[in-house]
Each structure stands twice: as C-alpha cells, then as structure tokens.
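Before any comments, here is the structure.
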Amino acid sequence: MCGIIGYVGSEPVVPLLFAGLKRLEYRGYDSSGIAILEREKMTLFRRVGKVEQLEEEVLPHQLTARIGIGHTRWATHGVPTEENAHPHLDCRGKIAVIHNGIIENFLDLKERLTARGHRFRSQTDTEVLAHLIEEHDDGDLLAAVAAAAREAKGAFALAVLSEDDPERIIVARRGSPLVLGKGKSGTFACSDVPAIAGEASQLFFLADDELAELTAQGFHAFNLEGEEVKRPLQEMTMNPLAIQKGGYKHFMLKEIHEQPRAVGETLYEKLEAGRSTINLSGLKKIDMNFDRVYLIACGTAYHAGLTAEYLWERVLPVPIQAVIASEFRLREMHITPRTLVVAVSQSGETLDTLMAVRHAKEKGATVIALINSSNSAIERESDGVVYTRAGIEIGVAATKTFSAQVAALALLGLFLAKRCGAISDETLKEELAGLTLLPGQITQLLAREEAIASLAERFYNATDFLFLARGPLYPIALEGALKLKEISYIHAEGYPAGEMKHGPIALIDEQMPVVILLSHQIAYDKVLGNMQEVKARKGIVIALTDRPDDPILPKLADHTIALPAATPICLPILYTIPMQLLAYHIAVLRGTDVDQPRNLAKTVTVE
Ligand code: AGP
C-alpha cells in the first residue's frame, strides 16, 4: 500500500516524480503529494484524488528543482484529506517524510513528542517520523533517520528530504519494499521497479533495517549501526513498453488478452525438451519428505491455492488444505518439520501472507513461494521459489497472474507427485500434453469477447449475481464473483452448486443472474439439476459449458457461453476467462474506474 519515489540528479525532478507516481498508483490512489527543494526551499504540494489531478495543479508552476520525493497513498491512519496526504513535515517545515507501511508505536511516540513541544497537523502514523527525525537532527540527517528507524516499531519504507541537507535524500526500510536505482541522469529510490523503468539501468534492493543516502552521483547503503553494506547491483531488465496500455482501453483488458502468453511462458520455461519432464530449478533445496501440505494466500491468490487443493488431491498421497493467510496464524494448524507450505502471491509482499510464512517457518515447516515479482519479501523468506511468468500486472484486479498461478500450481502438483512416486510417467505425460494446449485454448476463448460483451449489456444493471460450480470449478466461481465485486461494485457470491439449496436459493427470483460453470467432466447431471432448480424459481441462467450442443441446454439456460474441450487439469483456467471478460465489460458499462477500483490497492502491506 502506498507508493514512494525519490530522485536526485541533473534533470528537473517534477516530471520524473509524476511519471513514477503514475506507475506506482496501483499501490494506492486516494491522495498524493510531492516535496521538492526549489531554490533550496522546501516546497510541498498535496491533493486528495488521483496523481493526475495533483500534476495538473503542479505543472503550471514551472518548477526547476532537481531533488524531491513523491507519494501516492492508500489510507490507513486518517481519512484521505490534504492534511493526511504525504509528505509530512516537521515543526519547522524543513524536513519532509514520505512513508509506506505502519508505525505501530506511533501513539506512544506522538505522546512523547507532543510532551516535548512538537505540534502535529495530521491523524497519520507517518507524521511522528518527521518529528522524531527532527528530534534527533543535530546536523547529520543520516544519523537522525537511523535513530528514528531504531525507535520506530512496525513496517516502513521511507524517504526523507531536508532543507538543511539539500544535496541528498535519505531512505530506510523495514518490512515494506524499497529499491534504489542508478541512471544516467541521477539516482532514484522507489517502492517498485516499474516506477523507474527506462530511467535507471542498475538496481539495488534495500534489505530490512538498512538505510541509504542518495546523491546525484549514486548511493551508499548502511545498516542501522552505520556500517556500510555492499552487494552487487542488478541490471534493470524491465521494458518500459510493458507498463503501457498498448492500444487497449484499460490495463485490465490488456492483461486479460495477455493470458495465452502469461500461461505459456509460465508453463514452457518449466518443461524440459520434449515437454514430458518438469524442471523446477528453484526447488533444489526442498526436502520432499513431507506428510501434509498447506497452501496459504489472500484474495485471488487464495482462489488459485484452493484450485490447487482440488487439483493436487487427485495426485498427491497426503492431506492438502488451502488456508486464507490472515486466518492461518489464528488457527491450530498441524505444522511440523514435515509440513510443506506453499505461499501463493503475485506481489510477494502481501503482509498477511508474509506473516503466515514466518509463522510456518517458526514451527519448522518448509516453505515454497509461488510468486510473480522477483526480489520480494516472501521469496527471500522461503526455502524455494516457483515463478509465474505473467509479467507486470498493473490493473488492480488480478487476471493474468491468476491464470499463471493456476498453471504453475498445476505443474508444481505434478512435480511433487512425481517426486513422491505417486504418478506414473504415462499419466504425467498425458497431463502435461493437456496443459501445453492451454495457450491456444485461451486464445480461442478470447475470440468470443464480443458475445460476452453483449451479455454484459444485458446484465450491467443487475444488483446481485450468483456464481455456482462444483469440484475444481468451485474456486473459479469464487473468483468470478470476486472479479465482478471488485471492479463493478455489484454484489456477487460464489457457492458450491450443491450448497445452493441450503440457503442461497432464497435469493433467486426473476431479477437474479446465476452464472453456472458446467462441465461434462465434473458432476454434470448434478449441476444440470442445479440449473433446473434455478429455472424453477425464475432465475436467469448464464451457462458456461464445454458441452454447448447438449439438447437439454436451451431448456435450462437463458444464455450459453461455449468452452473448448480440454483435459480436467485445464478447466479451472479456461472457465476463468469468460468471467473476467464479463466482469470487465459490466464495469466499463457502469462507468467504474476499472484499473483502480475504489478502496482497493494492488499490494496489501497491512494486516
Ligand atoms: C484480486 O483481484 C486482488 N488484487 C487481491 O485479491 C489480491 O489477489 C490479493 O490481495 C493478494 O495479492 P498477492 O497475490 O500480491 O499476494
């Protein structure tokens, strides 16, 4: 949550800050702000709303500063107002601080600082940092930030600018991501690499409890004790074109259409020549002697984990359970050194998932991270890693990263089964042959977008939706409902179709669209029975089916979307695609902010 950026160099800072902030807006977008040293004077602009609105206000000032920091916010402490927007200043207005994270002991610090005469202007936790640094500032800003970082509890990535130290920016991190970049024109710090793609050529990922000073010439990193930290720099590999809409109206639509590539690259890089052997090089150190598996994740990633639970129990001889990460530590899970935990996360930074990983590690479990963004906290703290190769996802609603997660999990399940001797070479070969057809099948489905857009026109005014499915398609019903809720703000629920009669059936009337995921390979007759029950109560049935020519369908379904024939392991991904498109087109017709839906942030780094 929240995106931060800083730059010092030979170029005017303001355009660089805005370019970076727009690319970080997926992390939070309720308000934004920048602080720059314009003719060595601290100059602050803050505004509620999107970064673009702040930019419109700032650009006419024709500022020439070459050092500054910027922030885009997702509110935790204090509602989105100008006073609560970052940067926050110390009492003298000389020190400006931007922050991503939560200072857990801010009330204690605030009380202490107030007693010492500091005056607070906002309700945020961040403002204590500005006053704390002021309190420690005896002319050495780096030492003052280190002292403040030692006192602060909780998570932070912060950047500090001071009028008394006009040539450098000080940054520090614990728990929240922070990357430094060196480019031709100067030095950057930011929450995530895309913010500086095309600007910086070399990267340095700050670790927990490290600080750095940035000058136009480069940076030096230190630990909290003041010792210099040296690690090799990494090359910037991100292409700035990857963070453009490429002719699509929204990032979400572009990302939906990127799924054949995302799934293909995720699968093919893990298959050896001949595509009958799986090679997961990030798992070399993993002990395969496990007797239980937990999949932990949040939101869409949890739906991928739940899908894996269904897929894996077909091939693995041990108990498997997907658990929502924020619940994992609250339960008496059976975690021993023979437990394998798979943490699924697009960002690798989701705090609920990270805390669940730490909990599992403390109890001796082996942890595999299945993630899309490399260099993340979850990857660092895990014993092994499997990457999804979806590429950067900017739309807040996860689409291509979900299908890539399910594809990678399908492979991981087969890999584990092979290692445990639970699957024959022949079956493995058949499963892999099915999976490798997925990119083509997804392309076929994407070609049906127009038909799905027409359905959206018919239903965009609905107030509620039900999504029903059985077996491995049940998590996909949950995902269909989540996508619709997130971006269209329509109330939607996903249910196992067999559960409908135990409650949700009471909701059905002639206004209720019910999306039913129907496959002749999964309890076909039972799901047809559920469709009968919906029709008998005058509900509107939208059937996604891989048997579109079944003569019974016209009697039971008001609308039908045909899916290509595929092997069972491929079904969850294929059924996801039409629901993503349906949610997208409904949201567009309702005029919502598709890429940045209200109240959400792409990476949730609070518990
Ligand atoms: C889904 O559309 C959301 N963006 C959200 O549920 C997301 O999947 C969740 O916050 C987990 O994020 P992660 O994969 O980065 O851990």
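Quantities reported herein were computed from a predicted structural model and do not represent experimental measurements. Ligands are counted one by one from 1 in listed order, and the atoms in each one are counted from 1 as well. Count residues from 1 along the sequence.
- A salt bridge does not link D593 with R598: none of the charged nitrogens is closer than 4.0 Å to a carboxylate oxygen.
- For E349, no heavy-atom contact with ligand 1 is shorter than 4.0 Å.
- Taking every non-hydrogen atom of S347 and a distance limit under 4.0 Å, the qualifying atoms of ligand 1 come out as 13 (P), 15 (O), 16 (O).
- Ranking the protein heavy atoms by distance from atom 7 (C) of ligand 1 puts T300 N, 4.1 Å first.
- Taking the six-membered ring for Trp and the full ring otherwise, the centers of F467 and Y495 sit at least 6.0 Å from each other.
- The aromatic rings of H71 and H86 sit parallel, their planes meeting at an angle under 30°, below the 60° perpendicular limit.
- Remark: E52 CD is loosely packed, at most 12 non-hydrogen atoms of other residues, nucleotides or ligands lying under 6.0 Å away.
- Scanning all protein heavy atoms for the shortest distance to atom 4 (N) of ligand 1 gives V396 O, 2.8 Å.
- A salt bridge links R389 to E269: at least one charged side-chain nitrogen sits closer than 4.0 Å to a carboxylate oxygen.
- No side-chain donor from either of T72 and E25 sits under 3.5 Å from a side-chain acceptor of the other.
- Atom 16 (O) of ligand 1 has its closest protein heavy atom at T350 OG1, 2.4 Å.
- A ring-centre distance under 6.0 Å is found for H559 and F459.
- Residue contacts with ligand 1 leave out T603, since none of its heavy atoms falls under 4.0 Å from the ligand.
- Of the heavy atoms in L600, none comes closer than 4.0 Å to ligand 1.
- Of the candidates A398, S345, C298, it is C298 that places a heavy atom closest to atom 9 (C) of ligand 1.
- The K483 neighbourhood of ligand 1 comprises atoms 1 (C), 2 (O), with distances under 4.0 Å to a heavy atom of that residue.
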- Worked check of side chain to side chain donor-acceptor pair (under 3.5 Å) between T401 and E393: CA-CA 7 Å; T401 55; E393 186 176 71; 2.8 Å; yes

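- Here's the thing with A397: none of its N/O atoms is less than 3.5 angstrom from an N/O atom of ligand 1.
- Interface of E486 with ligand 1, defined as ligand atoms under 4.0 Å from a residue heavy atom, comprises 1 (C), 2 (O), 3 (C), 4 (N).
- Residue contacts with ligand 1: V604 is placed with no nitrogen or oxygen under 3.5 Å of a nitrogen or oxygen of the ligand (distance criterion only).
- One side chain, T300 or K483, offers a donor N or O that lies under 3.5 Å from an acceptor on the other.
- Atoms of ligand 1 lying under 4.0 Å from any heavy atom of A301, numbered from 1 in the order shown and given with element: 8 (O), 14 (O).
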- Task: Verify side-chain contact (heavy atoms from CB on, under 4.5 Å) between V48 and D30, making sure each step is shown before the conclusion.
- Result: CA-CA 6 Å; V48 174; D30 58 41; over 6 Å; no

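- Near G299, meaning under 4.0 Å from any of its heavy atoms, are these atoms of ligand 1: 6 (O).
- The single protein non-hydrogen atom nearest to atom 14 (O) of ligand 1 is Q346 N, 2.6 Å, given as residue, atom name and distance.
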